Structure formats: C-alpha cells, structure tokens
Number of protein chains: 2
Amino acid sequence: MILKKDAENSFEAVSKGQPKPRLTAGQQSLLDTLQHQPQPLSAQALYGVMRRQQPIGLATIYRALETLKLLGLVQHRVTLTGETLYSAVEHDHHYLTCLQCGVSVPLETCPVQELAAQLQGTSSFRIYYHTLEFFGVCEGCEG
Amino acid sequence: MILKKDAENSFEAVSKGQPKPRLTAGQQSLLDTLQHQPQPLSAQALYGVMRRQQPIGLATIYRALETLKLLGLVQHRVTLTGETLYSAVEHDHHYLTCLQCGVSVPLETCPVQELAAQLQGTSSFRIYYHTLEFFGVCEGCEG
DNA sequence: TTGCAATATGATAATGATTATCATTCCAAT
DNA sequence: ATTGGAATGATAATCATTATCATATTGCAA
Ligand SMILES: [Mn+2]
Ligand SMILES: [Mn+2]
Ligand SMILES: [Zn+2]
Ligand SMILES: [Zn+2]
C-alpha cells in the first residue's frame, strides 16, 4: 500500500464523505507516531515513545486509541500475553504465532483483502480493518 | 464440518503419530463440554457450565484450557471487552464485529482454510488454528 | 499391594493491563 | 470576555488471568 508521506491528516484517505471529526493535537500526534512505527505497539509502549516528543497521559492515550479506532484510523490485535497492540490501519500484516514460546513470524501476504472488500458490499457494516493470525507450535518447541 | 459424535478422545482425530498425551478426567470433561457448545465460551462461563456436571476449580479450568490449546484441541479468541473465549478447534467460525456496540455477526465461510494448509507445508510450524475477524461499525451505530 | 515422586487440583492471593473518577484545563461559540 | 462542553492527567478501582502453596491423585517401581 502506498502512503502519502506525512499527510497533514490521513483521515481524508480513509473516510470519504463522512462526518469529518477534528482530531485534537494529542490524537493527531499519536496517530502520526503510530503511522511511523514499523511494528504494532502497546498503549504503554506508545506512552514511552510519546514521552520524548509530545508527552501525553497514559489514560489519554487509551482514550485516543479508542477514538482513532472508531474513526477507522487505528487497528488493534491482542497478543498471547494479553496486551493489546495498536497500529495504523494501513499496516496490514499478519502473523504465525507459537503457542508455547510466543514467537511470531510475519506473513508476507494478506489473503483477506478481497473478502474484506466483498464483505463491505454484502454486509451492512462499514468495515475498517481485520485481524488474521495463525497459531501452532514452532519447530524448536516441537514436543 | 462433520464431527464424530462423542468420540471417547478426540485427540486421535487431530494429532497423528505424535507423543500421545493422556488427558485427565477433568481435562477430558472440559473438552467434551466445549465440543458440545455451539458458541465459544469464556473460562468463567465454562466454570459455570461445568459446575453442574463436573465441578472443576477455576484455576484448573484455565490450566486445562492452556494444555488443550498446546495439544491443538482448543482454540481461543479475544473479545473487544478483553475476555478470552474458547472453543473446540473443530469450531471454525469467524465474525464481523462492531467497534461501537460490540455486536458480532458470524460469517458463513472461512476463506483461510486453504492458506492454512499451504502454510502448514511452507512454514516450519505445526499449525493448529487461526483467528480471523473483521472490525467496523454496524448500521445502527453509524454516526 | 505398597511407597514414593511427579503431576494435578483448589482455594486464594497477587498481578497488571485497562477503565472509571474527578478535578482541572482547553476550546469553540456566544 | 464568558460559559458550557469536551479533553486531559493523575490516580484509584476493576477484573480477568496468574502465581502460590498446601493437599490430593496418579503412575510406576520395588
Ligand atoms: Mn490483512
Ligand atoms: Mn477459519
Ligand atoms: Zn515455540
Ligand atoms: Zn454497532
């Protein structure tokens, strides 16, 4: 996927002709940070990253992430340890995870893109993102 | 998917030629219960269900679910509210969930079956199950 | 069978990520 | 400038899950 670098507000790219929400400085800053991350991050990790550029309270980060999710700008996934990781919706990656040691290997392709577009028309939902993950046991953990 | 009704120990059906683990009475009972559920259940919900048939401590249920997961007999998914739901691996269903009200609509098809089999050969992992979920906003929550 | 070591179980305390509170600050529109 | 509503931050509370630890079972050898 091609991203316009440093769009002043990437909302345009996602929502077309919908009620336009104004992001606060903090939300915008958080979104920018997220869009520049190569990996999904937890709320607490984001708290640490923002700390150096634009300090934002942890509670506010959780609230902002929720808001951005509802706007279709941010997506989430939950790790085996129970922490939620966030990333920009443009970040469409999936993993193969070992149930034993927890190691995650990224997949190269996303076989769901088509179905997502198809569902978009079929269902009455407006679809923002999806999660796809495979679980099993890695070679090293083979018992 | 067709299920042999009341297999004495469905492990055979999943693991072929691997070190055969003996499930304890509680684990077996829990697995049976899970295989008869039409919907994924949380550990606590299972605790409530087992209560009437074969009382098992909550901690033991969590441990058993973890064990069954490692054996490739049980799968899990995490809801928006953060609770983990468990189901027998035979239960291959996916959902379209509203980020606002949390309602989940089941999908009819699983477009990942093939890729899973393919990955099985490509990767060095032994793949047990996968999760696939679409997130968006339902018609009623449309803002 | 009997005895023991390894494993499983239950009750309960502890953990930790997330959420609820609430006082304060910001913001937009009179 | 004034004001009502939304946003923020610090912090307490929540609650699903884990860690403990004492007790009960199980598997196996003597
Ligand atoms: Mn994808
Ligand atoms: Mn599937
Ligand atoms: Zn592993
Ligand atoms: Zn909804």
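Everything numeric in this text was worked out from a predicted model, so none of it was measured. So you know, we letter chains A, B, ... as the sequences are listed, proteins then strands, and number each from 1.
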(request) Answer whether the closest heavy-atom distance between the side chains of A/Leu34 and A/Leu65 falls below 4.5 Å. (result) yes
(request) Establish whether A/Phe134 and B/Val89 are linked, either directly or via other cluster members, by ILVMFWY side-chain heavy-atom contacts under 4.5 Å. (result) no
If you restrict it to nitrogen or oxygen atoms, what contacts under 3.5 Å exist between nucleotides 4-6 of chain D and the protein, and what is each distance?
none

(message) Measure CG/A/Leu30 against C1'/D/dT8 and give the value in whole Å, please.
(response) 14 Å
(request) Give the B/S/- string for nucleotides 5-13 of chain C, one per nucleotide from 5' to 3', where a protein heavy atom under 4.0 Å of the base yields B, of only the sugar-phosphate yields S, and otherwise -. (result) ---SBBBB-
(request) Walk me through it: do B/Tyr128 and A/Phe135 pass the test ring pair (Phe, Tyr, Trp, His ring centres under 6.0 Å)? (result) CA-CA 6 Å; B/Tyr128 290 152; A/Phe135 296 95; over 10 Å; no
(request) Calculate, to the nearest 0.5 Å, the distance between atoms CG and CZ belonging to A/Leu119 and A/Phe125 respectively. (result) 10.0 Å
(request) Go through the steps for A/Cys138 and B/Ser124 under the test side chain to side chain contact (heavy atoms under 4.5 Å, CB included), then give the verdict. (result) CA-CA 6 Å; A/Cys138 77; B/Ser124 59; 5.7 Å; no
(request) Scan B/Arg77, B/His130, B/Glu133 and name whichever one has a side chain to side chain donor-acceptor pair (under 3.5 Å) with B/His94. (result) B/His130
(request) Return no unless some side-chain N or O of A/Tyr62 is found under 4.0 Å from OP1 or OP2 of C/dT18. (result) yes
(message) Going by side chain to side chain donor-acceptor pair (under 3.5 Å), A/Tyr129 matches just one of A/Lys69, A/Glu90, A/His76. Which one?
(response) A/His76
(request) Rounded to the nearest angstrom, tell me the gap between atom NE2 in A/His76 and atom P in C/dT19. (result) 11 Å
(message) Tell me whether A/Leu85 shares a hydrophobic cluster with A/Leu58, the cluster being built from Ile, Leu, Val, Met, Phe, Trp, Tyr side chains joined at under 4.5 Å.
(response) no
(request) Quick one: label A/Ser42 by what it contacts on the DNA or RNA (base, sugar-phosphate, nothing), any heavy atom closer than 4.0 Å. (result) nothing
(request) Specify the separation, in whole Å, of atom CG of A/Leu46 and atom P of C/dA17. (result) 14 Å
(message) Between P on D/dG9 and CG on A/Leu65, what's the gap in Å once rounded to a whole number?
(response) 13 Å
(request) Could you state the atom-to-atom distance from CD of A/Gln28 to P of C/dC26 in whole Å? (result) 20 Å
(request) Using atom CD of B/Glu83 as one end and atom P of C/dT18 as the other, report the distance to the nearest whole Å. (result) 15 Å
(request) Measure the distance from CD on B/Gln44 to P on D/dT14 and round it to the nearest whole Å. (result) 16 Å
(message) In this structure, how many angstroms lie between the P atom of D/dA7 and the CD atom of A/Glu66, rounded?
(response) 13 Å
(request) Give a yes-or-no answer on whether the side chains of A/Asp92 and A/Gln75 include a donor-acceptor pair shorter than 3.5 Å. (result) no
